[in-house]
Amino acid sequence: MSLGAVEEESREIRLPADVDWHMLDKSRFFVLGAALFSGVSAALYPAVVLKTRQQVNLAPIPCSKMAFLMFRQEGPRSFYRGFGTSLMGTIPARALYMAALEVTKSNIGKASIRVGFSETSSATIANAAAGLSASMAAQLVWTPVDVVSQRLMVQGNFPKNGFSSSPTSNYLNGFDAFRKIMSVDGIRGLYRGFGISTLTYAPSSAVWWGSYSVSYRLIWDGISCYKCKWKNDDKNCENGKILDPNPLCMVGVQGVSAALASGFSALFTMPLDTIKTRLQVLEADRNSRGRPPTVAQTVRDLVKEGGFAACYRGLGPRWASMSMSAATMVTTYELLKRLSTKHQAN
């Protein structure tokens with residue numbers, strides 16, 4: 001099954017041929033995927049840095065003001081602090097994510113059809129299950145990467161920049177951060193927030209892929225209704241159905257569907273993401289027993305700072321980042337699968 005490009009017998013839209021897991025040249029798939037997604041991550045990384053800084057700051061600072069202060073006091077390089085560490089970890093994590101996603105989607109899709117679900121319902125179920133399993137698998141790599149890279153993201157002269165949160169230790173680079181975290185907290189320090197990360201990203205991924213599948217189908221139905229029934233486009237329609245969708249139109253539908261799914265997913269999981277980020281980053285903010293703050297303590301601190309709204313700090317950058325990332329990632333992912341089919345690799 002492709003990313004929501006599913007056909008239903010009662011309402012056919014002639015979409016490109018499906019690219020299933022067994023049809024892919026795995027070596028080509030992972031090598032091209034590493035190159036394509038590294039470029040996408042580089043373009044979107046500044047928004048992630050802004051989101052992270054807003055989440056750990058004790059007082060709310062508008063995104064535009066924070067970006068201005070960072071640029072003026074720390075320079076443009078501050079927007080890519082921790083990117084090298086993030087990139088090195090993201091490549092294996094992304095490979096694990098893509099493999100789990102495709103294998104689960106293929107198996108669950110076939111199983112749900114066998115038990116009697118329609119192809120549209122099977123696509124939604126398979127996408128949601130695949131997103132859930134892929135995210136859970138990838139967290140084994142992503143959580144340590146997040147802990148290290150986010151510590152580097154927020155590192156800086158906080159008083160000079162007007163930030164009021166407690167700074168983390170000073171790190172020279174990702175390897176230095178890794179060494180210091182291991183020396184203080186051991187392996188548990190690298191996996192701080194693993195539980196809540198899984199609770200954040202696994203449901204978020206499931207919601208995203210399920211919402212994407214539904215949005216993709218609904219938008220195509222709307223386009224089919226508009227072109228065939230209202231515009232009377234006889235060249236591209238037959239019996240009220242689009243025959244051959246324009247490739248550029250397909251990319252647009254994929255992008256819009258991804259953005260819609262991202263908005264819903266961001267709203268659903270933002271509080272958990274804020275708590276997770278604080279647990280992973282504010283290692284200097286320890287309680288009287290010298291231990292890192294707990295989830296309950298972090299929630300209490302957030303509520304004291306600004307009520308429940310404090311849990312949504314950084315929503316703007318996160319929503320923008322998730323929407324742009326998802327729109328770019330899903331179109332890139334579809335292109336990657338087309339480029340990685342075995343008949344093209346030969």
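Under a hydrophobic-cluster definition in which Ile, Leu, Val, Met, Phe, Trp and Tyr are linked whenever side-chain heavy atoms come within less than 4.5 Å, directly or via other members, Met136 and Trp142 are assigned to different clusters. Clustering ILVMFWY residues whenever any of their side-chain heavy atoms sit less than 4.5 angstrom apart, transitively, puts Leu172 in a cluster other than the one holding Phe178. Hydrophobic clustering (side-chain heavy atoms under 4.5 Å, transitive across Ile, Leu, Val, Met, Phe, Trp, Tyr) keeps Val145 apart from Ile187. Linking Ile, Leu, Val, Met, Phe, Trp and Tyr whenever their side-chain heavy atoms come within less than 4.5 Å puts Leu152 and Met182 in one cluster. Cluster annotation: Val147 is connected to Tyr191 through the hydrophobic network of ILVMFWY side chains, with a link wherever side-chain heavy atoms come within less than 4.5 Å.
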Verdict with reasoning, Ser204 to Met322, per side chain to side chain contact (heavy atoms under 4.5 Å, CB included): CA-CA 11 Å; Ser204 176; Met322 284 185 66; 4.3 Å; yes
Criterion side chain to side chain contact (heavy atoms under 4.5 Å, CB included) on Tyr201 and Thr143, from CA distance to verdict: CA-CA 11 Å; Tyr201 291 123; Thr143 298; over 6 Å; no
Candidate pair Gln54 and Thr277, rule side chain to side chain contact (heavy atoms under 4.5 Å, CB included), full reasoning: CA-CA 10 Å; Gln54 281 193 303; Thr277 300; over 6 Å; no
side-chain hydrogen bond (donor to acceptor under 3.5 Å, both in side chains) assessment of Thr85 paired with Ser149: CA-CA 6 Å; Thr85 301; Ser149 62; over 6 Å; no
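Listed for the Ser78 side chain is a donor-acceptor partner under 3.5 Å among the backbone atoms of Gly75. Here the side chain of Ser215 pairs a donor or acceptor atom with the backbone of Ser211 at under 3.5 angstrom. No donor-acceptor pair under 3.5 Å is formed between the side chain of Thr269 and the backbone N or O of Leu272. Between the side chain of Ser106 and the backbone N or O of Glu102, no donor-acceptor pair lies under 3.5 Å.
The line from CD of Gln297 to CD1 of Ile275 is 12.5 Å long, rounded to the nearest 0.5 Å. Distance check, rounded to the nearest 0.5 Å: CZ of Arg53 to CE of Met70 gives 4.0 Å. Rounding to the nearest 0.5 Å gives a distance of 6.5 Å between OG of Ser265 and CZ of Arg318. Put simply, CD1 on Ile113 and OG on Ser118 are 8.5 Å apart, with the number rounded to the nearest 0.5 Å.
Side-chain contact check for Ile181 versus Arg151: some heavy-atom pair is nearer than 4.5 Å. When side chains are defined from C-beta on, Asp273 counts as touching Lys51, because their heavy atoms get closer than 4.5 Å. Under the 4.5 Å side-chain criterion, counting only non-hydrogen atoms from C-beta, Gln139 is in contact with Ser135. Using a 4.5 Å cut-off on side-chain heavy atoms (C-beta onward), Lys276 and Leu199 make no contact.
For the side chain to side chain donor-acceptor pair (under 3.5 Å) test, residues two or more places apart in sequence or in another chain that qualify with Asp176 are Arg179, Lys180. In this structure Phe83 satisfies the ring-ring contact (aromatic ring centres under 6.0 Å, His included) test together with Tyr45, Tyr80, sequence neighbours excluded.
Contact between Leu267 and Pro271 at its shortest, heavy atoms only, is O-CD, 4.2 Å. For the pair Arg81 and Val49, the tightest heavy-atom approach, listed with the atom from each and the gap, is O-CG2, 4.5 Å. Contact detail for Trp209 and Gly131: the closest heavy-atom pair is CD1-CA, 3.4 Å. Of all heavy-atom pairs spanning Cys311 and Thr274, the tightest one is O-OG1, 2.7 Å. Of all heavy-atom pairs spanning Ala258 and Trp208, the tightest one is O-NE1, 3.4 Å. Across all their heavy atoms, Pro144 and Leu140 have their closest contact at CD-O, 3.7 Å.
Counting only residues at least two apart or on different chains, no ring-ring contact (aromatic ring centres under 6.0 Å, His included) pair has a member in residues 57-76. Counting only residues at least two apart or on different chains, no ring-ring contact (aromatic ring centres under 6.0 Å, His included) pair has a member in residues 99-122.
Other cluster members for Phe264: Val207, Phe268, joined by side-chain heavy-atom distances under 4.5 Å among Ile, Leu, Val, Met, Phe, Trp and Tyr.
Salt-bridge check for Arg278 with Asp301: failed, with every basic side-chain N at 4.0 Å or more from each acidic carboxylate O.
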Output side-chain donor-acceptor pairs under 3.5 Å for residues 31-44, partner residues at least two apart or in another chain, one line each.
from: Ser38; atom 1: OG; to: Ala34; atom 2: O; distance (Å): 2.5
from: Ser41; atom 1: OG; to: Phe37; atom 2: O; distance (Å): 2.9

